[in-house]
Amino acid sequence: MTRVGITFNKNHHLHDSLLNGYPCPENPGRIKIILDYIEKSGLIDDNNIRFYDASPAYVRDILRVHTEQYVELIKACAKDPCQNPGKDVYVCPSSFDVVLQAIGCVLKAGDLVMTGECSHGYAIIRPPGHHAGPDSCNGFCIFNNSGILARYLRDVRGLERIAIVNMDAHASDGTYAAFESDPNVLCISMHQDQKTLYPFKGFIRDIGVRPALGYCINMEMPTESGNSEYSIFYDEIAEKVLDKFDPQIVILECGFDSYYKEPLANLNLTVDGYYRIIFKLASKWNVVSLLEGGYHDDLGLLASVVLRALSGIGNIEDEVDQVDLLASRRVKTRKEFNNNLSLLKNRLEPYWGPWDVLKG
Ligand SMILES: [Zn+2]
């Protein structure tokens, strides 16, 4: 069995803000540097890690999450470059075809896992999706890629317990909006303190609504949080809740903007931090990882780390001097983190506690 199947939307370059006359950090160069890096990495072979083709999705796939009016709005915006469907979102004449192909790649990555062809899937797609809610969008996202996959897996593949984990620097507000009352889908988002970063949503107190209270989890990571804070959150809360929820599949919203070189955020994950969490997820569950944000030069390096973690290959040596990174971290960060961790544990206690007797 192939361990990891990769898909990517080959027409992604047709979604480009330059076609509308202005630059944007979310541009075709992002996937190009990832594919170039992976090609040179030597990771691709016919046994362990390989590419798969995908067909475009159907509008009915999108409608499992989004309203018909919103889909029509996106189509109208594609015809008129002066129209924008949301803040920091651009739509070009071919964008609708691009998103159908991107979602097709996401569904194919899910199907590779569901059919047993692969243990894990990795959809390298753009535009990203986790800020897109049922009838609105923001932050470079048009349709909610992870949510559409989750609903497909439920409606078409019959799954009853699906987890969506966000490790993008930005809160997964669109996904939250889509699933806040759906107890079939557990959403865990670890993101930079939303008081300091767009979309300024995703508070610890936000835990979903009935009948899914406790099924949406938001961890506010203080600015400058790094590998150790992420590991502690994963070990002490995320993994324990996942164990108890017992997902049949995990969808990972894997943005690369929590990385220490990211210009649009202020977190300190390194390749070790990404590898550890993804490796731990993939050692217990089938994972479909989706590209979300990330706007620096090391996207290719991090995509190779995702492939290594999913396929169980050892990580590359972390180029960051951990001592320097730790020395630069403010004591305030750890103090705020510990405070947030304890607030979140208390908030979730009625649903997932007590913490010390959960199997982990
Ligand atoms: Zn992001």
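Just so we're clear, the structure is a prediction, and the values are computed from it rather than from any experiment. As the structure lists them, so they are numbered: ligands from 1, and atoms in each ligand from 1.
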Could you pull out the atom name of the N/O/S atom in [X] that is nearest the Zn ion (ligand 1)?
| X | answer |
| --- | --- |
| H170 | ND1 |
| D168 | OD1 |
| D257 | OD2 |

Side-chain touch I44/F51, heavy atoms, less than 4.5 angstrom:
yes
Near the Zn ion (ligand 1), is there an N/O/S atom from H130 that is less than 2.8 Å away?
no
Heavy atoms of other groups near Y58 OH, more than 12 under 6.0 Å
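Not buried by this count: 12 neighbours or fewer within 6.0 Å.
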Is the shortest side-chain N to carboxylate O distance from K332 to E336 below 4.0 Å?
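Salt bridge present between K332 and E336.
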Note: D61-R151 ion pair, threshold 4.0 Å (strictly below):
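Salt bridge flag = no for R151 with D61.
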